[in-house]
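Since the structure comes first, as structure tokens, the remarks are kept for the end.
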Amino acid sequence: MTATLLRTAADLHARVRTGRRAVVMTMGALHEGHATLIRTARKIAGPEGQVVVTVFVNPLQFGAGEDLDRYPRTLDADVELAGTSGADAVFAPSVDEVYPGGEPQVRISAGPMGERLEGAARPGHFDGMLTVVAKLLHLTRPDVALYGQKDAQQLALIRRMVRDLNFGLEIVGVPTVREEDGLALSSRNRYLSPAERRTALALSQALFAGRDRHAAQEALRARAREVPASRARAEALSAIGESRAAADAHAVATTAGGPAAIRAAARLVLDEAARLDPPLTPDYLALVDPSDFTDIGDDFTGEAVLAVAARVGATRLIDNIPLTFGTFGDAS
């Protein structure tokens with residue numbers, strides 16, 4: 001399949017529209033993660049629908065000293081990959097097309113959620129991101145828009161904007177695509193030297209360590225629920241040699257562990273990577289509620305996000321994984 005390159009909104013609007021239109025927004029330098037988004041969009045749009053991939057390096061998202069000029073631009077390769085992945089068109093507008101009057105005087109504010117984690121590390125980033133997403137949604141007029149879960153805070157803010165401002169379209173999050181060694185795919189990975197890339201693996205390894213600690217805790221909570229802490233039950237278990245297992249399960253479920261233990265398991269990996277050559281320089285590690293990106297407490301139940309950001313050399317990378325709390329119910 002060959003994707004048509006379009007430079008103006010007028011050209012896009014002139015295309016005959018049939019079925020649902022699904023949009024995948026990118027800043028270019030497409031890789032397999034983007035291809036997965038496009039293939040998912042193709043399934044959602046169906047054979048009668050349209051898939052549009054936007055390629056626009058948004059200057060409003062880059063702060064002072066960030067990599068706007070260095071950000072990779074590979075439009076020819078992007079159009080080819082988009083087409084082979086199922087896109088009908090690539091919409092690659094100029095800065096003047098998106099911001100015809102120069103930088104916009106009126107912008108969308110990301111609010112308090114946009115000031116946490118990535119927002120604290122990159123002031124103004126999410127205001128610029130939401131502003132361009134809003135403009136591209138208006139320019140492309142989709143029925144559904146797809147975004148990667150690797151940028152979890154971005155996805156949460158887009159969902160909030162669409163809901164709060166009544167955009168009237170569906171937002172779909174697509175799971176993170178990883179290399180075989182666990183490194184999350186990112187356009188910025190190409191900046192890494194071989195040695196830096198080895199160090200960068202600590203991001204995903206830290207998340208996996210936290211995930212494994214979480215799985216162990218949830219399993220122990222399930223065990224504790226099966227073994228109530230009653231005297232009669234304890235005596236019965238003791239008769240068959242299970243009292244120690246019951247005690248261990250209750251101890252872990254009710255005292256040790258929790259979000260703090262998950263963060264600690266992940267932090268240990270990051271601390272070790274900080275001593276590598278080249279070293280990893282962590283920015284943040286957080287276990288948060290995806291509805292507002294505030295830290296979760298010990299009694300939290302539901303979906304959470306374990307997120308990390310760090311620098312290796314001159315390259316800043318982010319990653320995250322979802323965790324579910326309370327899968328097995330509360331411990332008895």
Side-chain angles (χ1 to χ4, degrees), residues 3-15 17 21-31 34 37-38 41 50-83 87-111 114 118-119 122-148 151 153-155 157-162 164-172 186-188:
T4 302
L5 177 62
L6 305 172
R7 292 290 195 172
T8 69
D11 290 339
L12 178 59
H13 298 162
R15 290 176 66 88
R17 182 167 178 170
R21 176 176 287 173
V23 165
V24 174
M25 293 187 185
T26 82
M27 291 205 300
L30 303 189
H31 49 65
H34 297 110
L37 283 165
I38 298 167
Q50 293 182 357
V51 174
V52 177
V53 175
T54 69
V55 174
F56 181 67
V57 182
N58 178 33
L60 299 189
Q61 290 176 233
F62 292 80
E66 293 189 335
D67 58 352
L68 173 60
D69 294 335
R70 192 167 69 115
Y71 197 86
R73 285 141 170 102
T74 58
L75 184 58
D76 290 343
D78 293 343
V79 173
E80 181 177 356
L81 185 147
D88 298 288
V90 172
F91 177 49
S94 66
V95 173
D96 289 339
E97 177 73 11
V98 178
Y99 303 120
E103 289 196 8
Q105 296 296 304
V106 176
R107 306 187 188 194
I108 291 179
S109 170
E118 281 299 290
R122 305 174 66 189
H125 165 71
F126 285 127
D127 291 355
M129 180 275 294
L130 289 179
T131 298
V132 77
V133 167
K135 289 184 71 78
L136 288 172
L137 288 175
H138 291 315
L139 290 171
T140 58
R141 304 173 185 173
D143 300 291
V144 56
L146 296 88
Y147 302 89
D151 297 297
Q153 194 171 3
Q154 170 180 283
L155 174 59
L157 282 163
I158 292 171
R159 281 179 164 149
R160 190 66 184 244
M161 176 185 73
V162 166
D164 287 356
L165 301 184
N166 303 102
F167 271 61
L169 74 149
E170 180 185 359
I171 300 297
V172 173
S186 170
S187 299
R188 290 186 169 92

Nearest atoms (heavy-atom pairs only) where Ala3 meets Val90: CB-CG2, 4.1 Å
Do Met25 and Leu137 pass the side chain to side chain contact (heavy atoms under 4.5 Å, CB included) test, and can you show the C-alpha distance, the side-chain angles, and the key distance before you say yes or no? CA-CA 9 Å; Met25 293 187 185; Leu137 288 175; 3.4 Å; yes
Residues Asp143, Arg17: salt bridge by 4.0 Å N-O rule: yes
When you look at Val144 and Leu169, which way does the side chain to side chain contact (heavy atoms under 4.5 Å, CB included) test go after all the steps? CA-CA 6 Å; Val144 56; Leu169 74 149; over 6 Å; no
Heavy-atom distance under 4.5 Å between the side chains of Arg141 and His13, does that happen here? yes
Short side-chain to backbone donor-acceptor contact, Asp88 and Val51, under 3.5 Å: yes
Between Ala110 and Leu157, which heavy-atom pair has the shortest distance, and what is it? O-CD2, 3.7 Å
Any donor-acceptor pair under 3.5 Å from Thr131 side chain to Ile108 backbone: yes
Rounded at 0.5 Å granularity, tell me how far CD in Gln61 sits from CE in Met129. 7.0 Å
For residues 96-106, which side-chain donor-acceptor pairs fall under 3.5 Å, sequence neighbours excluded?
| unit_1 | atom_1 | unit_2 | atom_2 | d |
| --- | --- | --- | --- | --- |
| Glu97 | OE2 | Ala9 | N | 2.9 |
| Tyr99 | OH | Asn58 | OD1 | 2.6 |
| Glu103 | OE1 | Arg107 | NH2 | 2.7 |

Going through the distances and angles, do Gln154 and Val133 end up as a side chain to side chain contact (heavy atoms under 4.5 Å, CB included)? CA-CA 10 Å; Gln154 170 180 283; Val133 167; 6.0 Å; no
Hey, is the main chain of Ala92 close enough, under 3.5 Å, to the side chain of Arg7 for a donor-acceptor pair? yes
Nearest-0.5 Å distance, CG of residue Leu12 to OG1 of residue Thr140: 7.0 Å
Measure the CG-NE2 distance between Leu146 and His34 for me, rounded to the nearest 0.5 Å. 12.5 Å
Under 4.5 Å between any side-chain heavy atoms of Leu37 and Tyr147, yes or no? no
In Å, rounded to the nearest 0.5 Å, how long is the span from OG1 of Thr74 to CG of Leu81? 9.0 Å
Drop me the distance from Met161's CE to Asn166's CG, to the nearest 0.5 angstrom. 11.5 Å
Side-chain heavy atoms of Ile38 within contact of Val53, under 4.5 Å: yes
Without swapping roles, check the side chain of Gln153 against the backbone of Glu118 for a donor-acceptor pair under 3.5 Å. yes
So how far is it from Phe91 CZ to Leu6 CG, rounded to the nearest 0.5 Å? 8.0 Å
Please report the shortest heavy-atom distance between Val23 and Pro142, naming the atom on each side. CG2-CB, 3.5 Å
Ignoring hydrogens, what is the shortest heavy-atom contact between Pro93 and Phe56? Give both atom names and the distance. O-CD1, 3.5 Å
Minimal non-hydrogen separation, Ser187 against Gly28, with atom names: OG-O, 3.6 Å
Over 12 non-hydrogen atoms of neighbours within 6.0 angstrom of CG in Asp76: no
Locate the shortest heavy-atom distance separating Ala41 from Val24; write the atom from each residue and the value. CB-CG2, 3.8 Å
